[in-house]
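One structure, as structure tokens, below. Some questions next.
This chain uses plain numbering: 1 for the first residue, then up along the sequence.
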Amino acid sequence: MARSVRLLAVLKQQLKTQGITYKKLAQELELSESAIKQMFGADNMSLKRMDAICEVLKLDISDLVMISDELENKIELLTAEQEAILVSEAKLLLVAYCVVNHWTFDEITTRYDLTAPECITQLVKLDKMNLIELLPGNRIKPLIAPNFAWQPDGPIEHFFRNEVQGAFLNHSFMDDGCLRLVKNGDISVAARKQLVERLKVIGQAFDDTNREERKLKQDDRFGTTMVLAIRNWQFQAFTALERDPQ
């Protein structure tokens with residue numbers, strides 16, 4: 001797929017994520033709705049017009065390129081075998097988590113109690129699984145999409161239920177930037193399906209925020225988990241591997 005077509009696809013996805021309709025976009029750009037539909041339908045748009053839409057989305061063209069590159073030829077669903085290997089070893093799972101979130105080799109070995117050879121060993125395993133490409137100079141190219149899905153009732157799902165879910169939810173959620181929202185009511189299946197689709201948009205917003213935050217220094221970012229609730233939390237096996245502060 002041509003780069004320009006991929007960028008247009010990302011634009012469409014970002015408009016949907018932010019709830020901006022063609023009608024609203026037309027108003028923002030002072031164009032007719034039909035003109036907007038024609039631009040996207042023809043898969044042909046000038047750089048100037050693309051930049052104007054990015055302003056509405058509060059994004060840069062560079063953000064579109066980064067999102068496009070992440071989605072291109074990335075693995076969106078791991079096999080059950082790959083999942084089983086990942087959850088079998090805490091250090092391997094930790095390094096996989098880090099590379100999916102675009103940590104560098106130095107960031108991993110600085111934060112966690114892994115020697116350079118130990119980290120390389122885990123990266124080689126991930127490379128052999130075709131989940132990353134280990135490049136010269138210990139540079140890492142992730143081949144897993146940031147929003148990759150779990151196998152239904154697979155090894156990661158079982159791991160999450162047994163090792164993560166209880167520890168995550170056993171909290172007051174009273175700290176700043178934390179929320180556990182519980183709602184009860186009688187609604188139809190159709191309405192519930194609509195809510196599911198809206199929640200998927202929130203999940204996409206989390207992925208977009210995660211991508212944007214990579215611009216910050218590594219020390220300014222903290223492990224964060226959201227399961228229809230959000231708080232500063234990281235898997236205990238990961239925190240156990242953190243180096244002691246100097």
Side-chain angles (χ1 to χ4, degrees), residues 66-67 69-168 203 206-207 209-227 231-246:
M66 181 169 60
I67 296 170
D69 288 345
E70 286 186 349
L71 295 177
E72 183 184 10
N73 299 322
K74 293 295 179 71
I75 299 171
E76 295 184 352
L77 181 68
L78 303 183
T79 66
E81 181 182 8
Q82 287 172 323
E83 288 191 357
I85 294 172
L86 285 179
V87 301
S88 67
E89 186 180 345
K91 289 184 179 180
L92 180 62
L93 185 61
L94 167 65
V95 174
Y97 166 84
C98 291
V99 300
V100 167
N101 286 283
H102 290 255
W103 287 40
T104 66
F105 181 86
D106 288 341
E107 286 173 339
I108 297 172
T109 54
T110 297
R111 170 70 71 88
Y112 293 102
D113 191 17
L114 294 173
T115 64
E118 284 178 324
C119 189
I120 291 173
T121 296
Q122 305 307 327
L123 291 172
V124 169
K125 292 178 184 178
L126 295 175
D127 186 286
K128 290 180 178 179
M129 294 168 64
N130 295 319
L131 301 183
I132 70 165
E133 185 177 347
L134 185 56
L135 304 172
N138 293 328
R139 291 179 296 115
I140 308 163
K141 179 181 179 181
L143 301 179
I144 312 172
N147 58 339
F148 74 92
W150 300 347
Q151 285 283 345
D153 203 33
I156 290 183
E157 172 66 27
H158 288 179
F159 179 84
F160 179 83
R161 290 184 209 158
N162 297 331
E163 304 292 338
V164 177
Q165 187 168 258
F168 173 74
F206 184 96
D207 290 336
T209 300
N210 187 33
R211 183 184 303 108
E212 181 66 22
E213 291 284 278
R214 289 181 203 144
K215 298 176 182 177
L216 300 178
K217 293 180 179 179
Q218 199 273 332
D219 287 344
D220 293 331
R221 294 177 282 136
F222 306 93
T224 301
T225 300
M226 183 175 75
V227 188
R231 74 178 178 96
N232 187 4
W233 182 87
Q234 189 162 250
F235 180 41
Q236 192 276 334
F238 290 178
T239 57
L241 290 170
E242 289 186 349
R243 293 186 184 277
D244 293 330
Q246 297 298 323

Ring geometry between W233 and F168 (parallel below 30°, tilted from 30 to 60°, perpendicular above 60°): perpendicular
Reported NZ-to-CG distance for the pair K125 and L131, which is rounded to 0.5 angstrom: 13.0 Å
L93 side chain reached by F238 side chain, heavy atoms, under 4.5 Å: yes
L134 backbone acceptor or donor facing D127 side chain under 3.5 Å: yes
Considering only heavy atoms from C-beta outward, does the side chain of T225 approach that of F235 to under 4.5 Å? no
Short question: side chain of R161, backbone of H158 - any donor-acceptor pair under 3.5 Å? no
Within-4.5 Å side-chain heavy-atom neighbours: F105 and I120: yes
Could you check whether any side-chain N or O of R243 sits under 3.5 Å from a backbone N or O of Y112, counting only pairs where one atom can act as donor and the other as acceptor? yes
CG (N138) and SG (C119) are apart, to the nearest 0.5 Å, by 7.5 Å
Let me confirm one number: the CD-OG1 distance from E242 to T239, rounded to the nearest 0.5 Å. 6.0 Å
Can you confirm whether more than 12 heavy atoms, excluding those of K215, are under 6.0 Å from its NZ atom? yes
Do L126 and I144 have side chains that approach each other closer than 4.5 Å (heavy atoms only, starting at C-beta)? no
For residues 79-87, dump all side-chain donor-acceptor pairs below 3.5 Å to protein atoms at least two apart in sequence or in another chain.
from: T79; atom 1: OG1; to: Q82; atom 2: N; distance (Å): 3.0
from: T79; atom 1: OG1; to: Q82; atom 2: OE1; distance (Å): 3.4
from: Q82; atom 1: OE1; to: T79; atom 2: N; distance (Å): 2.9
from: Q82; atom 1: NE2; to: M129; atom 2: O; distance (Å): 3.1
from: E83; atom 1: OE1; to: I156; atom 2: N; distance (Å): 3.2
from: E83; atom 1: OE2; to: Q151; atom 2: N; distance (Å): 2.8

Heavy-atom check, side chain of P142 versus side chain of H102, under 4.5 Å: yes
Interatomic spacing from CZ in R111 to CG in D219 - rounded to 0.5 Å: 6.5 Å
Return the CG to CZ distance between N210 and R221, rounded to the nearest 0.5 Å. 8.0 Å
Does the side chain of K141 reach to within under 4.5 Å of the side chain of I132, using non-hydrogen atoms? no
Does anything in residues 91-100 form a salt bridge (Lys or Arg N to Asp or Glu O under 4.0 Å)? List the pairs, not counting sequence neighbours. K91-E118
